[in-house]
Amino acid sequence: MTQTAEPHAASPAPTSQALDEVKIGGLGSSRTRVEDARFIRGRGNYVEDVTLPGMLHMEILRSPLAHARIRSIDTSAAWAIPGVKLVLTGEMAAQRNLAWMPTLSYDTQAVLATDKVRFQGQEVACVVADDPYIAKDACDAIVVDYEPLPPVVSPEQAVAPGAPLIRDDKAGQADNIAYQWEVGDKDGTDAAFARADVVSKLRLHYPRSHPSPIENCGAVADFNSATGKLTVYLTSQAPHIVRAAVALIAELPEHLIRIISPDVGGGFGNKVPVYPGYVCAILCSILTAKPVKWIEDNTGNLSSTGFGRDMYLDSEMALTSDGQILAVRYHATTDQGAFYADAQPTKFKIGLVHSSFACYDVPVGHITAQGMYTNKAPGGVAYRCSFRVTEAMFFQERMMQAAADDLGLDQAEFRRRNLVDDDQFPYRTPFGFLTDSGQYHKCLQIGLDAIGYDDFLVEQAEARKKGRLLGIGISTMTEPLGAGNSREYDILGIKMFDSAELRVHPTGKAVLKIGAQTQGQGHETTFAQIVTHELGIPALDIVVEHGDTDHTPFGMGTYASRSTPVAGAATAMVARKIRAKARKLAAHLLEVSEEDVEWELGRFYVRGAESRGVTIQECAMAAYSNMPDGMEPGLENNAYYDPPNLTWPFACYIATVEVDPETGVWDVLRFVAVDDCGVRINPMIVEGQIMGGLTEAYAMSNMQFQTYDVDGNLVGANYMDYLLPTAWETPGFELHEVVTPSPHHPIGAKGVGECAAVGGPAAYVNAVLNALRPTGVRNIDMPLLPDRVWHAAHTGDDVSGAPPFRTE
Amino acid sequence: MYPSRFRYEAPRSLDEALALLAEHGDEAKILAGGQSLVPMMKLRFAAPGVLVDINGIAGLGFHEETAGGGLRVGALCRHVDLEHSTVLPGAQPTMAAAAPLVADPIVRTRGTLVGSLCHADPQGDWASVMLALGGSVVAVSPRGRRTIPVGEFVVGTFQNALEHDEIVVEAVVPAAQGARAGSYLKLERRVGDFATAGVAMALESVGGQILRAGIALTGVGPATIAATEAAEALVGASLDPDVIDRAAELAAAAARPRTDHRGSADYKRHVVATFVRRMLTAERAPAGAAA
Ligand SMILES: Cc1cc2nc3c(=O)[nH]c(=O)nc-3n(C[C@H](O)[C@H](O)[C@H](O)COP(=O)(O)OP(=O)(O)OC[C@H]3O[C@@H](n4cnc5c(N)ncnc54)[C@H](O)[C@@H]3O)c2cc1C
């Protein structure tokens, strides 16, 4: 990795030579992350670090059962413990109309259970006390009388005859179906299938997993009864949405609500929603008139907050015998848990699952989808992906491999025959998206060359003769990143644009305030680089602020890889507004007309007299000290950016593996990644994002999942059972790049934060199944645990991972 | 993760520690590395009224060879001490193989072998190793000192044979009959994971003749399992393929695994057999490919 030293912030002397953009930390500079100085030194400021005078502590009592009616809750022993200030039950919350709250998918979710508990880990009561130990003791002292009800732990059980009705709280809800949705052209698809030479079928389950950020959820709610102002420190990826949501849910005036997301220790989609714990902390602060801190523990986070995936695929692909895809159709079933709480654009009921097959030339397709209520934790958040895109691309790439096998065609060649060509853009996908740019074939070829595809096939054949199982798996995909545009994308009616505000001070130093929210992505580093690129102000002279709703412009937050595509674009646009004003100031200083002023990075000069110029810093000083008559003083502005389209990065991931036939253990031999995310602002950060995503992809394919047993007990509610890979297991990654700029983004960047987590899993899984190909196994559900692989290899049968989980 | 209220005592001597145990009876718990006890307390699965922290007692961190290939391991000898030991390589192949597979590097800096034996987790690695080696523990109490073979010490899931007022001061590996061979294989889903299945193998032989064999199994039953018949099948035999197969089958038959999220019972039995086969095949042809 190249490290670029940044000169300290001396104002560049006027010179006819343009500044070296990389040296001053602009586009293409791998400047080290400015955030890291405080994180590495332990000087970060997380919610847990916030301590306010008189602060009390809240703990939540959770349901041990998956499905039960609450007969009674006896809190008297809890109240009797010294130091207990408040014991809050659903009944008390109901008096404030807060026992239920809306979800981000227009459903309702219990804040504290009043009638029934609907999943293990559900919030039943909470206690506020002088310290968290007392609060926990008091939780243990609450006696809840439950009448157990039969639990539903899979979609199959949810629609079985006689299935218990989970959402009996909802008027008109007579079954366990949360939503139905469809997209595409059914008749056209049926017609194409009628013409097919070969129909390839595949069924699988993408298991439930959890974003599991290293920092759990938490809040410090501080309601000031004198001023009526509510300040909440909260671990949120989207503080502005939270403010709006709190205003609506708690019926508090929005101007008296201030949400502060301090440093956030990872989010991965988990920290987009509003959770019952936040609402409880706010209500408890109002009721006690004291600041109330709630810090969730690992089990609370894993068992009650937004999970990802848990989706079933039943698919068919219509093919010609020479390997052309004629049509695709599939039915996707989502297991939503007890409440339908996906964080996703309103219009789409199963996120952007219909972005699948966007990189292939598929004439027609049809997708149907259905969501089920079960007695499991609610969620369905976009775990490091743009709204269910991870499932979309995994389905796509598993279907591609199965189809290649069914055709007896080489998996690389099959992709080559169907990838969209460079000259087909803009390309309308069968489900209505418009892809705009890419070099798909080139990326695939770079990947194949890097892994040594042909040589590997020879090696694989040799190894097979000796009983060794080697496999190679490919995953190619383009995904839609950077919601909106606002025509199609909104959350709870609020359109998905984003914002930036730039203030250039008299000495040419600047503050950029954005509506996005970093959780580790490095916004404070890269967003400064965008300003540097536009204005030539060294990155070190720019500080980036975010996360405080009183002091940053409204934005939809950071998820779905949307920060650079949307807030990053807003940043470029506001910098251009600043530059336009600076140009007027430059003309004034240079005593020429604006038309005679030319721009080079960091400096305006007189056309034809290059040595006569003024720096951006000199313009900034002039904005406060020497502006022309009639000009408004100051050098500040803001921009709200509504993107014309999503951005469409492309990726080709190739894994080679060896499977131990005796134990089912598999090791990654090599992993090659070719990413085209357009213009790279900070190549080091981009590489970090890709490696992080490939690690999470490896985790999902190899070990990481949550499941439930027949009684609805969560397996994976702590980090002994919910496995995250360590540096030891994680394979090394070989990274390559292709750059096809986004045609509509102001600096040509595309989203990248999620590509590898989205496209990666299929590469690993395809590789293991490729190794097992001689056994005839078509599918093993993720994670490909050693016992599942062994079982499949020994029986030749597919292995399903759908719950309920089998125990003895 | 907030444990229940407890009192904390940090005795400076063994006598002080014993006095505290005598005073508080079954309210008290010894704290060694804390790598099993503290998580249990945070989850409130354990709620001892008094913690007796023995880390301040001098002279318990040792491990040392004894005559004839034996070993003594003090109560505060950490996993990491054994992992980086200069005493184990060559002399104690089973232990040397196991040490780097116990937990993860962070846990190994605190956790102790003796604590692991006392914890009696069926998925604990050291209990199998010590069982295969025919080891024992030395416990002291106001009544004196006694030696308990590991096979009698581990009495069930999370249950050991100690009285409330006893402290284990060391674990002991007896002298070997001839040259030691052996290994430890563990199938784990990830570093720091407990075993899906683990097998400890300890052989003592003179001139290629196996005089004593021990095989013990981790994670495939309600407690650590001694695969006695499998071990006996090796005594006096040479490691021919049919002997190896027979030992592998007997070891698998001794396992009593449950189907859970780590794998099916069948699978775990199969892994036990595979591991026995791999270790014995490696002993037969030391240059050959081990697992
Ligand atoms: C993340 C993680 C992963 C792990 N993975 C593994 C693994 O893969 N394999 C494995 O074997 N272990 C594993 N462990 C457990 C670890 O090895 C522990 O260190 C060990 O089980 C207990 O040793 P300790 O010194 O920490 O004991 P403590 O936790 O201090 O005590 C454990 C129990 O033994 C008692 N005790 C301790 N010392 C004495 C004594 N001298 N006399 C009487 N009673 C005593 C205590 O009272 C307590 O009941 C893991 C632990 C963690 C946290």
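Chain A forms more heavy-atom pairs under 4.5 Å with one residue of B:R44, B:R5, B:K42, B:M1 than with any other, namely B:R44. Put simply, of A:I134, A:V715, A:D721, the one with the most heavy-atom pairs under 4.5 Å next to chain B is A:D721. Ranked by heavy-atom pairs under 4.5 Å with chain B, the list A:F705, A:W728, A:F805 is led by A:F805. For the options A:T299, A:N298, A:D140, A:I295, heavy-atom pairs under 4.5 Å to chain B are most numerous at A:D140.
Salt bridge A:D660/B:R278: present, at least one basic N to carboxylate O contact under 4.0 Å. Between A:D781 and A:R788, none of the side-chain N atoms (NZ, or NE/NH1/NH2) sits under 4.0 Å from a carboxylate O, so this pair counts as no salt bridge. Note on B:E188 versus B:R190: no salt bridge recorded, every NZ/NE/NH1/NH2 to OD/OE distance being 4.0 Å or above.
The number of heavy atoms from other shown groups lying within 6.0 Å of CG (B:L43) is above 12.
In this structure, the portion of A:P725 lying under 4.5 Å from any heavy atom of chain B is its backbone and not its side chain. Proximity to chain B (any heavy atom under 4.5 Å) is shown, for A:E662, by both the backbone and the side chain. Using a 4.5 Å cut-off between heavy atoms, A:L785 touches chain B through its side chain atoms alone. Proximity to chain A is absent for every atom of B:P39, based on heavy atoms less than 4.5 angstrom apart. Looking at A:M703, the atoms closer than 4.5 Å to chain B (heavy atoms on both sides) all sit in the side chain, from C-beta outward. A:N718 does not touch chain B: none of its heavy atoms, backbone or side chain, sits under 4.5 Å away.
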Notebook entry, point to check: Does the side chain to side chain contact (heavy atoms under 4.5 Å, CB included) test come out yes or no for B:R78 and B:E83, once each step is laid out?
Noted result: CA-CA 9 Å; B:R78 317 280 169 182; B:E83 183 184 7; over 6 Å; no

Next item on the list: Check the pair B:E9, B:D53 against side chain to side chain contact (heavy atoms under 4.5 Å, CB included), reporting the backbone distance first and the verdict last.
Entry: CA-CA 6 Å; B:E9 297 282 358; B:D53 181 348; over 6 Å; no

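Contact residues of residues 251-274 of chain B toward chain A are B:P257, B:R258, B:T259, B:D260, B:H261, B:R262, B:G263, B:S264, B:A265, B:D266, B:Y267, B:H270, B:T274 (heavy-atom distance under 4.5 Å).
The minimum heavy-atom distance between A:D131 and A:Y133, with the atom names listed, is OD1-N, 2.9 Å.
Side-chain contact check for A:Y722 and A:Q706: no donor-acceptor pair (N or O, by modelled atom type) lies under 3.5 Å. Between A:H57 and A:W294, the side chains place no donor N or O within less than 3.5 Å of an acceptor N or O (distance only, hydrogens not considered).
In this structure, B:H119 and B:F158 have tilted ring planes: the angle between them lies in the 30° to 60° band.
Ring pair A:F671/A:Y764: centre-to-centre distance below 6.0 Å.
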